[in-house]
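I have placed the structure first, in the form of structure tokens, so that the comments after it can refer back to it.
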Amino acid sequence: MPITMPENLRTRERYRFVKGKITSISNAGATILPFGSTEAVDVVFDSKVTQFWKGGLAHTSTVTGQVGDQATVGAFLDDNGHIVVETLYVNHEQVRGNIVKVDQDTLVVEQRLATLNPQVNLSFTKDAVDFDDKPVDFAQFKVGQFVIAQGEILNPGELEIYRIDAH
Amino acid sequence: MATITVSASYYSLCDGSNGACGDCNNNEMQAAWANLAGGYGNNVSSCGSCNGVSGSTLFALSCGENIEVTDLCEGIGSEVTITDHDSPGGCLCDSQCGYEGLRVMDMTEYTFYWFEGSYTRGHIPVSVDNLDD
């Protein structure tokens, strides 16, 4: 996805990264409580700039996300002191680990370093691709392979993957 | 100054006090490097050549060392601090945006988002200037 923020705002000094829980959201903006913090952050949406993601390969300009969802935000401080969102990812997560089970259309992966849910179930979006943008061939997956996958958290320990590499 | 082209992915495990160097923070401009000086070793020493860089010749970087990194897809650069030891995915010669690169860098989400504005690509080709050489 190309970067959308104007160059005069897209500087290191203005850059803000926020990952946490959405505590409120509207068409104008959201409040996010960063993980490990008690100070919520207010961010604003700009229809000319802001892109949203919630699953799959596509982004949208339609406001997406609900209170309680995990949000990952890349944003920039404008001249009025507003934190303007460039991208907001809803419930996005990366998984790294070894395949311990291959089912009909799902994988069970054991993560080596995860603090929560070391074993996760991975299903796939219809448009899922590998890291070279080639459609995923499910027949390639074997128990023991190391995978890096990214997708949407559906439930604790359950993700729907849109991009995966297996080795 | 040595400049090489390699591949970088991202990870989300830095909690502010962990990682090989003890100060890995997902909310800072940091990255892990496959060949970390100080007794950590070279995780990709057996990897073959990819765009002129082989695992055995990959230069070592130290904890706290700053490098100049440029995202070759977006043309955006920044100084990045090495705070962890990692080889994301083994011996992988990634291809993206017309560049190939041995995957030897793992960025914090803060860093990857700064360069890309999104997670979409998953890995990116970067030029790395070892500022201390």
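So you know, we letter chains A, B, ... as the sequences are listed, proteins then strands, and number each from 1.
With a 4.5 angstrom heavy-atom cutoff, B/Phe112 does not touch chain A via any of its atoms. Heavy atoms closer than 4.5 Å to chain A are found in both the backbone and the side chain of B/Glu109. Looking at A/Phe146, the atoms closer than 4.5 Å to chain B (heavy atoms on both sides) all sit in the side chain, from C-beta outward. Looking at A/Val73, only its backbone comes within 4.5 Å of chain B, counting heavy atoms on both sides. Contacts between B/Glu28 and chain A at a heavy-atom distance below 4.5 Å are absent for every atom of the residue. Heavy atoms of A/Arg10 lying under 4.5 Å from chain B belong to its backbone as well as its side chain. Heavy-atom distances place no part of A/Gln51 under 4.5 Å from chain B, backbone and side chain included. When heavy atoms are compared at a cutoff of 4.5 Å, A/Thr4 does not approach chain B at all. Heavy atoms of A/Ile3 lying under 4.5 Å from chain B belong to its backbone as well as its side chain. Contact of A/Thr11 with chain B is made through the backbone alone, with heavy-atom distances under 4.5 Å.
Here B/Asn26 contributes atom CG and A/Phe35 contributes atom CZ; the two are 10.5 Å apart, rounded to the nearest 0.5 Å. Note that CZ of A/Phe131 and CZ of B/Arg103 are 6.0 Å apart. Values are rounded to the nearest 0.5 Å. Atom-to-atom distance recorded for B/Ser9:OG and A/Gln94:CD is 6.5 Å, nearest 0.5 angstrom. Atom CG of A/Asp165 and atom NE2 of B/His123 lie 6.0 Å apart (nearest 0.5 Å). Annotation: the span from B/Arg121 atom CZ to A/Asp133 atom CG amounts to 9.5 Å, rounded to 0.5 Å.
For the set A/Met5, A/His59, A/Glu86, A/Arg12, the entry with the most heavy-atom pairs within less than 4.5 Å of chain B is A/Arg12. Highest contact tally toward chain A, considering only B/Asp94, B/Ile76, B/Leu92, is held by B/Leu92 [criterion: heavy-atom pairs under 4.5 Å]. The greatest number of non-hydrogen atom pairs below 4.5 Å with chain B, out of A/Thr72, A/Val18, A/Val129, is found for A/Thr72. Chain A forms the most heavy-atom pairs under 4.5 Å with one residue out of B/Ser78, B/Ser12, B/Ser118, and that residue is B/Ser118.
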Worked verdict on B/Tyr110 versus A/Tyr15 for ring pair (Phe, Tyr, Trp, His ring centres under 6.0 Å) = CA-CA 10 Å; B/Tyr110 178 107; A/Tyr15 176 54; 4.8 Å; yes
Output, in order, the C-alpha distance, side-chain angles, deciding distance and verdict of side chain to side chain contact (heavy atoms under 4.5 Å, CB included) for B/Leu13 and A/Gln111.
-> CA-CA 12 Å; B/Leu13 297 172; A/Gln111 301 184 88; over 6 Å; no
So A/Tyr162 and B/Thr120, side chain to side chain donor-acceptor pair (under 3.5 Å) or not? Walk me through it.
-> CA-CA 10 Å; A/Tyr162 68 94; B/Thr120 305; 5.5 Å; no
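Connection of A/Val120 to A/Ile148 is not established within any shared hydrophobic cluster, with ILVMFWY side chains joined at heavy-atom distances below 4.5 Å, either directly or through further cluster members. Residues A/Val143 and A/Leu107 fall within the same hydrophobic cluster, defined by Ile, Leu, Val, Met, Phe, Trp and Tyr side chains chained together at heavy-atom separations under 4.5 Å. Hydrophobic clustering (side-chain heavy atoms under 4.5 Å, transitive across Ile, Leu, Val, Met, Phe, Trp, Tyr) keeps B/Tyr99 apart from B/Leu102. Both B/Val80 and A/Phe17 are assigned to one and the same hydrophobic cluster, defined by single-linkage of ILVMFWY side chains at heavy-atom distances under 4.5 Å. In terms of hydrophobic clustering, with Ile, Leu, Val, Met, Phe, Trp and Tyr side chains grouped at heavy-atom distances under 4.5 Å, A/Leu57 and A/Phe52 are assigned to different clusters.
Heavy atoms from other residues, nucleotides or ligands lying under 6.0 Å from CG of A/Asn27 number 12 at most. Other residues, nucleotides and ligands contribute more than 12 heavy atoms inside 6.0 Å of the CD atom of A/Gln140.
For the pair A/Arg163 and B/Tyr119, the cation-pi test (distance below 6.0 Å, angle within 45°) is failed.
Side chains of B/Tyr10 and A/Gln150: a donor on one and an acceptor on the other come within 3.5 Å.
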